[in-house]
Protein chains: 2
Amino acid sequence: MARGRAPGYEDQRVLILDRAALLFARKGYVATSMNEVAEACGLSKATLYHYFRDKRSLLFHITHDNVARLRAIVAEVAARELAPEACLRELVRRLVAAYAGAQAAHRVLTEDVRFLPPPERERVLQTEREIVAGIARAVAGVRPDLGTMALGKPLAMLLFGMINWMFTWMRPDGVLDYDAIAPVVADLFVGGLHAVRPPPARAAPRGGRRATGSAATGNMAPSKQALGDKR
Amino acid sequence: MARGRAPGYEDQRVLILDRAALLFARKGYVATSMNEVAEACGLSKATLYHYFRDKRSLLFHITHDNVARLRAIVAEVAARELAPEACLRELVRRLVAAYAGAQAAHRVLTEDVRFLPPPERERVLQTEREIVAGIARAVAGVRPDLGTMALGKPLAMLLFGMINWMFTWMRPDGVLDYDAIAPVVADLFVGGLHAVRPPPARAAPRGGRRATGSAATGNMAPSKQALGDKR
DNA sequence: CCTACCGATCGGTAGG
DNA sequence: CCTACCGATCGGTAGG
């Protein structure tokens, strides 16, 4: 397979990234060897190293291309200046579609970005933050009160959670496909958004800090959880 | 640390699992060495191996204890026979609390269960399915029509996605803590549930299969995604 | 584009 | 004879 005509340099790189993403998604980045990647591409390991400097650069390109695509989607939808609810629904539809088309890359993004060295990882995470910020703006469009309370980002993250988790359990061959689930997710999220009651400013029953005003400022750090850093 | 009095065998095991879960969550199962686990426990590697046969058995116990706890929670809440909405809300509250108390173990569960050998992995996945089934029943309690269409499990998985994803971005020291976010998640999900419109029976505009009746049967396979198996 | 290797480190176990 | 542990090192394989 993939052995027909000699592909151009760039085509070869795309093919390698695609196969590598599949392997990383299946076995995890750390447990996948460069030998396996080479074999999956029908290349020798030395040839593989001709196209990519090292294993990390495969990981960086897979994750970076992916977040760049998502960011572009968010920007496109925002540029259309739809009505608030329509905007959010369109965002859900487009994001779900993007996931459907790049399941492997998405899994790699959510699970293996931590194995990038700090500078590269930071670039990917920065793009992620921009995506979340875009979704948060759409949320604030539907519920300005929650947006003012800085709940836009946490709510955006909850939406992200639903979508990110989908590729864990959805089977493309299942009866419920991505086109069918997207409206369900949109109904659930947009409908639910109207039902969200703002949490009370943090009461301090036993010596807790007073709320400093907004409800969730500084509470966001996508993919940099309290579990600590790596490496 | 943890060197004071000689702990009992069982206490030592619990301590090891706790430290191992933290390391696995931070660095990933594969990238964590038994030397690191031993060091984090203040033990020699040989002593670590006295308590656990091998690295996999650490992973098994971390993940299995965790799903067992979640299953127990689902069973407890179900046994109280609350009104449908109250039941779902209580489920959300209890699950979020469980996550808050075992962040590391939860991350290991969601990301590293695939590194278990098939028999152990299957035990964990089976318990996961029981948890999802329990949540699906609660969903069907609120929206019997969706339950009949076999949308209960997909919706349960969307809820799972929100909660699973939370520990990726929430900071325990943030202003919005677990107690504050749980009601937001409950509002969002329960409120959203009322807004979900059943997807139409799969139309077949260009030669697609006809829907065989219910909307999503056989579409669930938690953690066994279409990306393939490992190993 | 390949074979042949390297420094290092892996999970697991030896003798005492 | 047991358990609870130690310092040292095994055979294999990783990324490069």
Side-chain angles (χ1 to χ4, degrees), chain A residues 1-13 15-17 19-21 23-24 26-63 108 112 114-117 120-121 230-231, chain B residues 1-17 19-21 23-24 26-63 108 112 114-118 120-121 230-231:
Chain A
M1 63 187 81
R3 252 307 183 56
R5 302 160 302 141
Y9 184 82
E10 204 47 51
D11 302 282
Q12 186 65 282
R13 277 176 65 95
L15 180 139
I16 292 168
L17 288 178
R19 303 284 168 98
L23 283 171
F24 292 171
R26 278 186 207 175
K27 314 194 14 146
Y29 170 74
V30 178
T32 302
S33 73
M34 289 296 267
N35 274 320
E36 291 173 301
V37 175
E39 194 182 0
C41 299
L43 301 172
S44 72
K45 194 161 59 164
T47 305
L48 172 59
Y49 273 94
H50 171 68
Y51 289 96
F52 289 93
R53 189 189 308 106
D54 50 29
K55 199 185 178 189
R56 290 170 179 182
S57 97
L58 285 178
L59 180 57
F60 174 69
H61 283 98
I62 291 168
T63 54
V108 176
D112 294 325
R114 61 179 154 178
F115 297 114
L116 283 173
E120 281 92 345
R121 188 174 62 217
K230 63 113 206 174
R231 188 172 310 262
Chain B
M1 64 186 77
R3 251 303 181 59
R5 299 163 302 142
Y9 184 82
E10 203 48 51
D11 301 283
Q12 185 66 282
R13 278 176 65 97
V14 170
L15 180 140
I16 292 169
L17 288 178
R19 304 283 168 97
L23 284 172
F24 292 170
R26 278 186 207 176
K27 315 195 12 150
Y29 171 73
V30 177
T32 302
S33 72
M34 287 298 267
N35 274 319
E36 292 172 301
V37 175
E39 194 183 358
C41 298
L43 300 172
S44 73
K45 195 160 60 161
T47 305
L48 172 58
Y49 274 95
H50 171 70
Y51 290 96
F52 289 93
R53 189 190 306 106
D54 50 31
K55 200 184 179 191
R56 290 169 177 183
S57 97
L58 284 177
L59 181 57
F60 174 69
H61 283 98
I62 291 167
T63 54
V108 175
D112 295 325
R114 61 179 153 177
F115 296 114
L116 282 172
E120 281 90 348
R121 188 174 64 219
K230 62 110 207 177
R231 192 173 306 264

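Bear in mind the structure is a predicted one, so any value in this text is a computation, not a measurement. In what follows, chains carry the letters A, B, and so on, assigned in the order in which the sequence lines appear, proteins first and then strands, with residues in each chain numbered from 1.
In this structure, the NZ atom of A:Lys45 is 14 Å from the P atom of C:dC5, given to the nearest Å. If you measure from atom NZ of B:Lys27 to atom C1' of C:dT9, you get 12 Å, rounded to the nearest angstrom. What separates CG of B:Leu43 from C1' of D:dA4 is a distance of 11 Å, to the nearest Å. In this structure, the CD atom of B:Glu10 is 16 Å from the P atom of D:dT3, given to the nearest Å. Spacing between atom CG of A:Asn35 and atom P of C:dC5 amounts to 17 Å, rounded to whole angstrom units. Rounded to whole Å, the distance from CZ on A:Phe24 to C1' on D:dG15 is 12 Å. The separation between B:Leu48 atom CG and C:dT13 atom C1' is 13 Å, rounded to whole Å. Note: CZ (A:Arg53) to P (D:dG15) measures 17 Å, nearest angstrom.
Nowhere does DNA chain D pair in an unbroken run of 3 or more (Watson-Crick or G-U, both distances under 3.5 Å).
Residue-environment remark: CD (B:Glu39) stays at or below the threshold of 12 foreign heavy atoms within 6.0 Å.
Within the 4.5 Å cutoff, side-chain heavy atoms of A:Arg13 are placed close to those of A:His61. Annotation: side chain of A:Asp112 is not in contact with side chain of A:Thr63 (no heavy-atom distance under 4.5 Å). Side-chain contact between A:Leu43 and A:Ile16 is present, with at least one heavy-atom pair separated by less than 4.5 Å. Under the 4.5 Å side-chain criterion, counting only non-hydrogen atoms from C-beta, B:Tyr29 is not in contact with B:Leu58.
Not counting sequence neighbours, the partners of B:Val30 by the side-chain contact (heavy atoms from CB on, under 4.5 Å) test are A:Val30, A:Ala31, B:Phe115.
Side-chain N/O atoms of B:His50 include none lying less than 4.0 angstrom from OP1 or OP2 on D:dC5.
If you take atom C1' in C:dG16 and the same atom in D:dA4, they sit 13 Å apart, rounded to whole Å. Separation of the P atoms belonging to C:dG12 and D:dA8 is 22 Å when rounded to the nearest angstrom.
For A:Lys55, the side-chain atoms get nearest to D:dG15 when compared with the rest of D:dG15, C:dG12, C:dC1. Of all nucleotides listed (C:dT13, C:dG12, C:dT3), C:dT3 comes nearest to the side chain of A:Ala46. Taking every side-chain heavy atom of B:Tyr49 into account, C:dT13 is the closest of C:dT3, C:dT13, D:dG16. Residue A:Ser33 places its side chain closer to D:dG15 than to any other of D:dG15, C:dG11, D:dG16. When distances are taken from the side chain of B:Ser44 to each of D:dG15, D:dC6, C:dG11, the shortest belongs to D:dC6.
A donor-acceptor contact shorter than 3.5 Å links the side chain of B:Arg19 to the backbone of B:Ala40.
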